[in-house]
Novice: 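After the structure tokens below, expect a handful of questions from me.
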Amino acid sequence: LVSKEENKLTPSRKQGHVELCVGSNVTFRNRSAGFDRLHFVHNALPELDYSEIDITTSLFNKTLKVPLLISSMTGGYKEALEINTGLARAAHHFGLGIGIGSARQAMENTEFHESFRTVRREMPNGFVFSNIGAHEAATLYRQRAITELRRIIDLVEADALAIHLNPLQELMQPEGSRNFNDVLAAVESCVQTLGIPVIVKEVGAGISKEVARRLLSVGVQAIDVAGAGGTSWAGVEILRHKEEDRPYLEPFWDWGIPTIDALMQVRELKEDHSFTLIGSGGITNGLDVAKALALGADVAAIARPLIKSLMDGGEKALNTLLENIIEQMKYAMFLTGSPTVTALKQQELIYS
Ligand SMILES: Cc1cc2nc3c(=O)[nH]c(=O)nc-3n(C[C@H](O)[C@H](O)[C@H](O)COP(=O)(O)O)c2cc1C
């Protein structure tokens, strides 16, 4: 799949990415995900008992206690074992779904397999999905070796496979790949041969309606817009360049489709297609989660704020953050008179 030389880079690159995400300010600078542009209509007569609000939902054939996923982040180096264990424990405790980070490293080398396996061990029945990059999937497709991906599905007994589209990140990456041919064919081949649902996600630059339409035409079961406004992966990669090389890449720091715009575009396809829509990119609190759902998402997902809280403050800090996010989401449901996630999804949002 990758040369030995390239593979040696993967564990240290992943660790470098995590450290930059936790230690540096790598969010968008002058654009937001857009949640601040939208407001719920306040309902002064909710006719609801807060204690009866039901936030359970289902994703493929599993039940989530909260309509929230921990986005794909890490695995494949020594310290990732502790991080993934902490994230998976929180996912299990709150009944969230969880994605593991790109398992490219695990396909070539068994050394850090425990850092991936721990997720399923911590949540035996929860919704877990594996992850691979578009470039790697296309390379396997050209080698007629898509079935090799079964190894990273079996590693965590994954319920689904996420394929991430990251052309901006690869362009900005000092050692990034610039060949994005055959990606759609690779996605189609995954849908046809792997026997589990395929989620296609961005990593923070968003998925447009047109791209979503092409993905749905090959049978993709879920789309995670992973829009602009939260973690800037251009930003992360720019910081990995030498200082003198950064200025010419800087104009791309804020590139992408803000999350709310991506959601509003892609949800229109629900009229003609049946698929799961995931809202993510720049979600920082439970009110954002509620707005993502009201914009058409079936579930929301969060990446950087969760790993940052775990690494800065341990499992206690992560649990407090998630507790707050869940309560905030329920506050929004109470204040809009929405007893269930289905009712919340029907609420109107206004621009102001
Ligand atoms: C530390 C870190 C590592 C990530 N690694 C991956 C990855 O391996 N695969 C992937 O699809 N996305 C990866 N992402 C992207 C996230 O899944 C998510 O799409 C993106 O960060 C936007 O969400 P956010 O604004 O909530 O951080 C990573 C994000 C972070 C913060």
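First listed ligand is number 1; within each ligand, the first listed atom is number 1.
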Novice: Could you find the nearest protein heavy atom to atom 3 (C) of ligand 1 and give me its residue, atom name and distance?
Specialist: M73 O, 3.4 Å
Novice: Taking distance alone, with no angle check, do H17 and ligand 1 share an N/O pair under 3.5 Å?
Specialist: no
Novice: Compute the centroid of each ring, for Y77 and then for F112, and state whether the two points are separated by less than 6.0 Å.
Specialist: no
Novice: Considering only heavy atoms, does K201 approach ligand 1 within less than 4.0 Å through its side chain, its backbone, both, or neither?
Specialist: side chain
Novice: For the pair R246 and E237, find out whether any cationic side-chain nitrogen is under 4.0 Å from an anionic carboxylate oxygen.
Specialist: no
Novice: For ligand 1, is any non-hydrogen atom under 4.0 Å from V203's backbone (N, CA, C, O), its side chain (CB onward), both, or neither?
Specialist: both
Novice: Does only the side chain of S102 get under 4.0 Å from ligand 1, or the backbone, or both, or neither? Count heavy atoms.
Specialist: both
Novice: Tell me whether D154 is salt-bridged to R150, with the criterion being a basic N under 4.0 Å from an acidic carboxylate O.
Specialist: no
Novice: By side chain to side chain donor-acceptor pair (under 3.5 Å), which residues pair with K78, not counting sequence neighbours?
Specialist: none
Novice: Just to be sure I read this right, does ligand 1 sit under 4.0 Å from the backbone of S72, its side chain, both, or neither, counting only heavy atoms?
Specialist: both
Novice: Is K270 close enough and on-axis enough to F275, meaning under 6.0 Å and within 45°, for cation-pi?
Specialist: yes
Novice: Return the option from P305, G227, G282 holding the heavy atom at the smallest distance from atom 25 (O) of ligand 1.
Specialist: G282
Novice: So, using side chain to side chain donor-acceptor pair (under 3.5 Å) as the criterion, who are the partners of Q347 when residues are at least two apart?
Specialist: S338
Novice: Distance under 4.0 Å to a non-hydrogen atom of C21: what atoms of ligand 1 satisfy this?
Specialist: 1 (C), 31 (C)
